[in-house]
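Below is one structure, written out as structure tokens; the observations come after it.
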Amino acid sequence: MPRWVVIVQSGYGDQYQCDEAARFEGTLEQARARLYEIACTHKHRSGLRRQRREVFRVGAGDAYYAHVEGLMSTHRVLFQLAEQVWSTDPEPNPWQ
């Protein structure tokens, strides 16, 4: 079964951050569904009082751009789906 990770990229100016939102196993269809769910529900920052959220599909559905407006700030976040193709670990780590 393929292994996937959802990558979350955000930042502005000279501050840039790239994190993992989830790791899991599943089919491509399941992975795309999970990516969409995360793009629509992921909390970018604790304490952010979301006023509005727009989610846009990028390309064929392996990435989403979210524009999240809070009371005091706006965040722009890119969610991408990545499939594991190689690892140095002989035994894979447990997936979440």
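Atom set for the values below is all heavy atoms of this structure, side chains included, hydrogens, waters and symmetry mates excluded. Everything quoted here is computed from the prediction, not taken from an experiment.
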Quiz item: Considering only heavy atoms from C-beta outward, does the side chain of Gln80 approach that of Asp62 to under 4.5 Å?
Solution: no
Quiz prompt | From CZ (Phe24) to CE (Met1), nearest 0.5 Å | solution = 11.5 Å
Exercise. To the nearest 0.5 angstrom, please state how far the CD atom of Glu69 sits from the CZ atom of Arg53.
Key: 12.0 Å
Practice problem: Calculate, to the nearest 0.5 Å, the distance between atoms NE2 and NZ belonging to His75 and Lys43 respectively. | Solution: 13.5 Å
Practice problem: Could you tell me the separation between the CZ atom of Arg57 and the CG atom of Leu35, rounded to the nearest 0.5 Å? | Solution: 11.0 Å
Quiz item: Hey, what do you get for CZ (Arg23) to CZ (Arg34), rounding to the nearest 0.5 Å?
Solution: 12.5 Å
Practice problem: Look up atom CG in Leu78 and atom CZ in Phe56, then write down how far apart they are to the nearest 0.5 Å. | Solution: 12.5 Å
Quiz item: With sequence neighbours left out, what residues match Asp19 under side-chain hydrogen bond (donor to acceptor under 3.5 Å, both in side chains)?
Solution: Gln17
Quiz item: Going through the checks in order, is the side chain to side chain contact (heavy atoms under 4.5 Å, CB included) test met by His67 and Thr74?
Solution: CA-CA 7 Å; His67 181 98; Thr74 298; 3.4 Å; yes
Quiz item: Which pair of non-hydrogen atoms, one from Ala21 and one from His42, has the smallest distance, and what is that distance?
Solution: CB-CD2, 4.1 Å
Quiz item: What pair of heavy atoms forms the shortest contact from Trp4 to Gly26, and how long is it?
Solution: NE1-O, 2.7 Å
Quiz item: When clusters are formed by joining ILVMFWY residues with side-chain heavy atoms under 4.5 Å apart, either directly or through shared neighbours, do Leu28 and Tyr36 land in the same one?
Solution: yes
Practice problem: Work out which heavy atom in Ala66 is nearest to a heavy atom in Ala39; give both atom names and the distance. | Solution: CB-O, 4.2 Å
Quiz item: Would a hydrophobic clustering, with Ile, Leu, Val, Met, Phe, Trp and Tyr connected at side-chain separations under 4.5 Å, put Leu81 with Tyr65?
Solution: no
